[in-house]
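Whatever order the structure lists them in is the order used to number ligands and atoms, beginning at 1.
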Amino acid sequence: MPRRPDVPDAAEMEQRYIRLLSNFYDQIYDLDFRIDFYRSVYQSDGKFCAPPEGHGLAAMLEAAADTLIHPEDKADFQRLFQRAELRRALSSTGGSTGGEYRKKCLDGSYRWVRVMVFPFGGSGQERYLVCFQDIDVHKHVGASTRENVLLHIQSLDHLRYRAIAEQTRSMVFEWQGPALTYVDALIPRLLAGNYDGRHLFELWREDKVLFSEDRAVFENFLRSLADSEPSSAVTMRLRRRTGAFTWYVLSCTRLENNTDEPRYMCSLRDVDKAIHIARSLRQQAEYDDLTGACTMPTFLEKTGRLRHKRPDALRHIVRYDVAGFRAIDERFGQEEGRRLLRAISYLTRENLASDRELFARLSGDIFLVCLEGGSERVREFMDWLRRGVAEYANAYRPELFFGACRLDDPETPVREICERAYLALMAAKGRGLSDHAFYDDELRRRVLEEHFIKAEMYAALADGQFVPYLQPKVEIFSGRIVGAEALARWRHPERGLIPPNRFVPFFERNGFIVLLDKYIWEEVCKLLRSWLDKGYRPVPVSINVSRLHFSDNSFCEKLRALTDKYRLPRHLLELELTESAFFENEKILQQTMRDLQESGFAFSMDDFGTGYSSLNTLRALPFNTVKLDRAFVSDGTDNRRGRIVARNTITLAKQLGMKIIAEGVETVEQALFLRSLGCDHAQGFYYSRPMDARDFETFSFVRRKCFWVDPRLQETLPRPEDDVWAKK
Ligand code: C2E
Ligand code: CA
Ligand code: CA
């Protein structure tokens, strides 16, 4: 039967099949196990080695496994070509089987090949086509994909790190054992040093990126990290490419991993700004920026440390300030005030031993020093400042006041000693005898007393322990009682009668005087009311008015309400003001006085002659009466200058239309002298000590007593007007 030309025969079919396969494969072999035969049917050019020729199939497979397949893949390769195995594999897959092996190339290298085995010929035959396909590129692509995945993970790490870095303004790096495994690109860009693969720590040391002074803390930090601290941080300075050292916090955390070499993740955070801000805040908190002196907390702390370091050294705390600094500030301007403070600071520092003595400014013009040495050291220091300040060239002569206290008992807190120096300073000012005072037993007693007063004053007021005593004011030539002054006494249930000089100055300082005064005024009003009710004709009683009342806007109203409450004619209440009240605000004072005078109250100027500007005050403020101070009276009788001043002042006050009363008249001589000057009224022990209200009432109203008058006082005397002024 002739063959139809379009129907290929089996051999031709084989050929076509092989041609098709050769498009995909590099090598194709025809294997026949039954006859132990093989032949090469296709070879791509010059890539793979061909198996040795002239052997049977089994021998060829063995030789090929030995020489052409990578030793690591040999076993797998041989397994694929075991006759029984091949049969089993093909029957279970139904089509083809195969594997991937590294096969030797002509140049001796190995390339990955995929081996595919197809049954060839009819069923039951053991003939196969074995095709080799070069897949080396794919394998490597696969490998590089794996690498890419790693790279991808790393770049994710990088992104993560960048995000951390940006959020925390820090730079990240990672290391394991001796090797750096990740370094933020910013690190070599910003920081100095040669980044040549050395560990950062090493190169920071070697290239002097690490600030030399921070080396020790850095090594400590590394030690603590090595001592299995899971995480640790250090603040240190690293040199930037710009050359500047910048503060960084380096934090390292060990990541748990199972290898022997621990892995660390570290960050570098720029804290330069924060550190500088913190430092300048500390500087501001610790030092006064005007004078560079310590602030109080720093002074206390440093003094405490000095004391701890050398407890045996004798020390003094001295507090000092400028007399009338506020006035200087107001009159010459704040710039001048500051200049003066700087000058005092400069002088102070010049005299201090900076390693063991300290200097602080509290506020305004208040200074404190801690001096090493006894009272002679304090005196030397005060002398130095006095001299320096005296040379301070200006329109005024600044004057300092000092208060000193020994820093001895280690149990007493430094703050307490400073407080005592302050009390000494106040005492110096109060006494007015010298510009300084030491805290001594007398002061100590006062301090203790103040503690007691402070603890009891409110209860005592509520309990009625404060009472007004009354001291008569007398007309000198007649002995008639023309008035009285109410003076507070504290009738303490255990301590007896306490005089006001022991509590009034303290109350002036703590403000309690306002309450006490009001209480005394009300008691005086009650007395006056009761006298009126009994039909007596009471004399005006003067009350003492602390300057603190003038900051109370409703002061006038309250006084009027008080007299109204007791239905008193207002002239019965006289208000005594001391000169200390005048400094504050003359305008307000003037206004208040006029307001009250219009309501019928009269004013006395207390302690005239003790203040700085008594004459000035006389001119400026509308007083009705001038009370000459005790010192004035004794001066007047003791020396000629005093006499001249007394005489002229009296004349002046009289010419200004004011009444005059002399305080503290203790002797007839004083009374005579005053009378000779034209002073008609007096108050003092010569006549009577202050007495309680019952005694005063009995004495002056019930018995209608008048004081006995020395005949000499009754004589008519030449008036000073005729005497001094008329002669001019
Ligand atoms: P001051 O207002 O100058 O009162 C006169 C002081 O001189 C009174 O002292 C009085 O007892 C005393 N004195 C009177 N005559 C003589 C004398 O001949 N010789 C001597 N050596 N002293 C005489 P006191 O009562 O101890 O009062 C002292 C100061 O306390 C008063 O001085 C006054 O400034 C203040 N004070 C008293 N009571 C009050 C008050 O209720 N309120 C206010 N704000 N201050 C008061
Ligand atoms: Ca008085
Ligand atoms: Ca007085």
Checklist entry - For the residue pair F452 and W490, is the inter-centroid distance of their aromatic rings smaller than 6.0 Å? => result yes

Next on the checklist: Between the Ca ion (ligand 3) and D606, which N, O or S atom of the residue is the nearest one?
Outcome noted: OD1

Next on the checklist: Can you confirm whether or not the ring centre of H436 sits under 6.0 Å from the ring centre of F381?
Outcome noted: no

Checklist entry - Any N/O/S of N544 under 3.0 Å from the Ca ion (ligand 2)? => result yes

Next on the checklist: Check whether R570 reaches the backbone of S599 with its side chain - one donor and one acceptor, N or O, closer than 3.5 Å.
Outcome noted: yes

Checklist entry - Just wondering, do V474 and F707 contact through their side chains at under 4.5 Å, heavy atoms? => result yes

Checklist entry - When you look for heavy atoms under 4.0 Å from ligand 1, do you find them on the side chain of D606, its backbone, both, or neither? => result side chain

Item to check | Side-chain H-bond candidate by donor/acceptor type, Y566 with E522, under 3.5 Å | outcome: yes

Item to check | Test log, rule side chain to side chain contact (heavy atoms under 4.5 Å, CB included), inputs Y396 and L340 | outcome: CA-CA 11 Å; Y396 59 94; L340 175 60; 3.7 Å; yes

Checklist entry - Side chain, backbone, both or neither: which part of V665 comes within less than 4.0 Å of ligand 1 when only heavy atoms are counted? => result backbone

Next on the checklist: I need the atoms of ligand 1 closer than 4.0 Å to a non-hydrogen atom of I513, numbered in the order shown.
Outcome noted: 44 (N)

Checklist entry - To the nearest 0.1 Å, how far is atom 18 (O) of ligand 1 from its closest protein heavy atom, and which atom is that? => result F685 N, 2.7 Å

Next on the checklist: Test of understanding: given a 4.0 Å heavy-atom threshold, classify the contact between D629 and ligand 1 as side chain, backbone, both, or neither.
Outcome noted: neither

Item to check | 3.0 Å cut-off met by an N, O or S atom of E485 to the Ca ion (ligand 2) | outcome: yes

Next on the checklist: For atom 7 (O) of ligand 1, what's the nearest protein heavy-atom neighbour? Residue, atom name and distance, please.
Outcome noted: R630 NH1, 3.9 Å

Checklist entry - Does the protein put any heavy atom within less than 4.0 Å of atom 27 (O) of ligand 1? => result yes

Checklist entry - atom 8 (C) of ligand 1: which protein heavy atom is closest, and how many Å away? => result L487 CD1, 3.7 Å

Item to check | Atoms of ligand 1, numbered as shown, that sit under 4.0 Å from any heavy atom of G664 | outcome: 15 (N), 16 (C), 17 (C), 18 (O)

Item to check | For D607, the ligand 1 atoms whose distance to one of its heavy atoms is below 4.0 Å | outcome: 3 (O)

Checklist outcome for this item: atom 5 (C) of ligand 1 sits nearest the protein heavy atom E663 OE2, 3.6 Å

Checklist entry - Taking both backbone and side-chain atoms of Q471, is any N or O found less than 3.5 Å from an N or O belonging to ligand 1? => result yes

Next on the checklist: Checking the N or O distance criterion of under 3.5 Å, is ligand 1 in contact with N544?
Outcome noted: yes

Checklist entry - Hey, are S604 and E576 close enough side-chain-wise for a donor-acceptor pair under 3.5 Å? => result no

Next on the checklist: Can you report which non-hydrogen protein atom sits closest to atom 38 (N) of ligand 1, along with the distance?
Outcome noted: A488 N, 3.0 Å

Next on the checklist: Pairs of nitrogen or oxygen atoms closer than 3.5 Å, one from P500 and one from ligand 1: do any exist?
Outcome noted: no

Checklist outcome for this item: For E576, the N, O or S atom at the shortest distance from the Ca ion (ligand 2) is OE1

Checklist entry - Are S530 and D533 close enough that a side-chain donor and a side-chain acceptor fall under 3.5 Å? => result no

Checklist entry - Is any N, O or S atom of D629 under 3.0 Å away from the Ca ion (ligand 3)? => result no

Checklist entry - Does a side-chain heavy-atom distance below 4.5 Å link D321 with L400? => result no

Checklist entry - Considering only protein heavy atoms, which is closest to atom 36 (N) of ligand 1, and at what distance to one decimal place? => result V504 CG2, 4.0 Å

Checklist entry - Which residue owns the protein heavy atom closest to atom 42 (N) of ligand 1, what's the atom, and how far is it? => result D517 OD1, 2.6 Å

Checklist entry - What about the rings of F401 and Y320, do their centers lie closer together than 6.0 Å? => result no

Item to check | Name, closest N/O/S atom of D607 to the Ca ion (ligand 3) | outcome: OD1

Next on the checklist: Any donor-acceptor pair under 3.5 Å linking the side-chain atoms of S546 with those of E508?
Outcome noted: yes

Item to check | side chain to side chain contact (heavy atoms under 4.5 Å, CB included) between L568 and C525, intermediate numbers included | outcome: CA-CA 8 Å; L568 297 177; C525 288; 3.7 Å; yes

Checklist outcome for this item: Given the options E663, K473, E485, Q683 meets side chain to side chain donor-acceptor pair (under 3.5 Å) only with E485

Checklist entry - So, are D440 and R406 salt-bridged, with charged N and O less than 4.0 Å apart? => result no

Next on the checklist: Taking 4.0 angstrom as the limit and counting only heavy atoms of G684, give me the atoms of ligand 1 inside it, by number and element.
Outcome noted: 15 (N), 18 (O)

Checklist entry - Hey, would you say the F466 and F503 ring centroids sit under 6.0 Å apart? => result yes

Next on the checklist: Once you measure the plane-to-plane angle for F507 and F512, does it fall in the parallel (<30°), tilted (30-60°) or perpendicular (>60°) bin?
Outcome noted: perpendicular

Item to check | Closest candidate by heavy atom, reference atom 21 (N) of ligand 1, pool E576, R502, E666 | outcome: E666

Item to check | Check: E485 N/O within less than 3.5 Å of ligand 1 N/O | outcome: yes

Item to check | P690 to ligand 1, any heavy atom closer than 4.0 Å | outcome: yes

Next on the checklist: So for R489, does at least one of its heavy atoms come nearer than 4.0 angstrom to any atom of ligand 1?
Outcome noted: yes

